[in-house]
There are 2 protein chains.
Amino acid sequence: MTDQRERILGCACDLYLKHGLDGLSMRKLAREVGVTAPAIYRHYGGREEVLADVLREAHRTFSRYLYAALGEPTQLDRFFGAGQGFLNFVIEHPRWYSIMHTAPEHLGMDKLPEDIEGMQSAIHQFWIDRVRECMDATILKDGNPEKTAITMWAHAHGMVQLYQEGCLPVSEEEFRMLFKASGARLMAGVATEAFARDLEGMVLSETDTGIQTG
Amino acid sequence: MTDQRERILGCACDLYLKHGLDGLSMRKLAREVGVTAPAIYRHYGGREEVLADVLREAHRTFSRYLYAALGEPTQLDRFFGAGQGFLNFVIEHPRWYSIMHTAPEHLGMDKLPEDIEGMQSAIHQFWIDRVRECMDATILKDGNPEKTAITMWAHAHGMVQLYQEGCLPVSEEEFRMLFKASGARLMAGVATEAFARDLEGMVLSETDTGIQTG
DNA sequence: GTCTATAATCCGATAGAC
DNA sequence: GTCTATCGGATTATAGAC
């Protein structure tokens, strides 16, 4: 029955969200479902298949948080709305964010299933689209949307990682403010204007970075 | 003999750097050293103690890469030199960078030993000092050095994480350029100057972010 | 200080009865 | 579809002989 498979997946998600990857073994999963271990193998080929389904759930939930912003009226609202959705997601579901950034071999896979890679590409593309339309609206400097998206992605991801690792000794509410303020700093730039002009003649001359003086 | 303890630590580092955390069990460590498992317990109280020593090695090596930049003559040289040292470290020793950002409970510890936390504080302070002296030299905008350091730290850390997770499908050499170009983008800012001015009236009014128009 | 032997747990996965 | 029973393996850690 596919009904039972869904029940198993639900228990697997509960177990993972509560106790992490180590807490999600086939035996514990069976106990949570209320059956014995071999029964699970009637519905899933093995642990790797279960983890793949859990990972799909994580991506679906993440996408829901992001796509909600598409209902906003302006490019800026959609951009900030997506950022707010991202922040809400990582704070409300740290473990789901975590499994999305766990190396496949740590999940017992050589590489991710194609459909999951497709979900990741779609999310990546979502951010590039938000950046591009903010460039069109002269909110972001004109340039290569993909590279600008990577810069902002790296900053957001790094902030979250540092927070979740305990490198930033702040409360949840303080982190929300820190995250936004740091994002604003990225948008406005941390270098003085005089030095930013010098920068163009240095590293920027070697590569296509999409930076313009505006 | 403390001689033997050092030999064990050396083997533990080799084992970890080659095969990761899962590859560093007491049994495998014993085999690498050339003795049986119980012998290790004469020199280390348990696996957790071994991991703590490996982690100390990681911090020591990282510090060496960073502090080399202190010999440079100008604030800018020291700043960029430290950035280059950071980049070299993460590319040459990804596993050492990784264990430095592994949650303590994943190393079998409730929390990190105090001396290791001290090493982390020293590194954190090193970056704040680099930022502060660049503010003094009007390279970076005046403001709160600690907060600006966090922004740049998050960006650098995020870039590395995305690269090491395979989210950035680039070669090592391409990543080096991408890392520097993205850092330049952070320094110069991604928003248009017009929008950056608007930003001050929005999120920045709520918090002390240290952003100034210059 | 190192050994043999072993305790006590955990894991993923399977065979075969019902 | 689920069960009992089990295989084959891993792990940390300890007891006691030498």
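Remember, it's a predicted structure, so these values are computed and weren't measured experimentally. Chain identifiers are assigned alphabetically (A, B, ...) following the order of the sequence lines, protein sequences preceding nucleic acid strands; residue numbering begins at 1 within each chain.
Between B:Tyr97 and B:His101, the gap from one ring centroid to the other is short of 6.0 Å. A centroid separation of 6.0 Å or more is found between the aromatic rings of A:Phe62 and A:His93. Taking the six-membered ring for Trp and the full ring otherwise, the centers of A:Phe126 and A:Tyr67 sit less than 6.0 Å from each other.
For the pair B:Leu51 CG and D:dA13 P, the interatomic distance rounds to 10 Å; values are reported in whole Å. Whole-Å rounding puts the B:His106 NE2 to D:dT11 C1' distance at 15 Å. Rounded to whole angstrom, the span from the CZ atom of A:Arg5 across to the P atom of D:dT2 amounts to 14 Å. The distance between atom CG of A:Asp3 and atom C1' of D:dT2, rounded to the nearest whole Å, is 16 Å.
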Point to revise | Protein proximity profile, nucleotides 4-15 of chain C - base contact B, sugar-phosphate-only contact S, no contact -, cut-off 4.0 Å on heavy atoms | key: BB-----BBBB-
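Applying the ring-ring contact (aromatic ring centres under 6.0 Å, His included) rule to A:His19 yields no partners; only residues at least two apart in sequence or on another chain are considered. Partners of A:His106 under the ring-ring contact (aromatic ring centres under 6.0 Å, His included) rule, at least two apart in sequence or in another chain, do not exist in this structure.
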Point to revise | Test log, rule ring pair (Phe, Tyr, Trp, His ring centres under 6.0 Å), inputs A:His124 and A:Trp153 | key: CA-CA 9 Å; A:His124 189 179; A:Trp153 184 20; 5.2 Å; yes
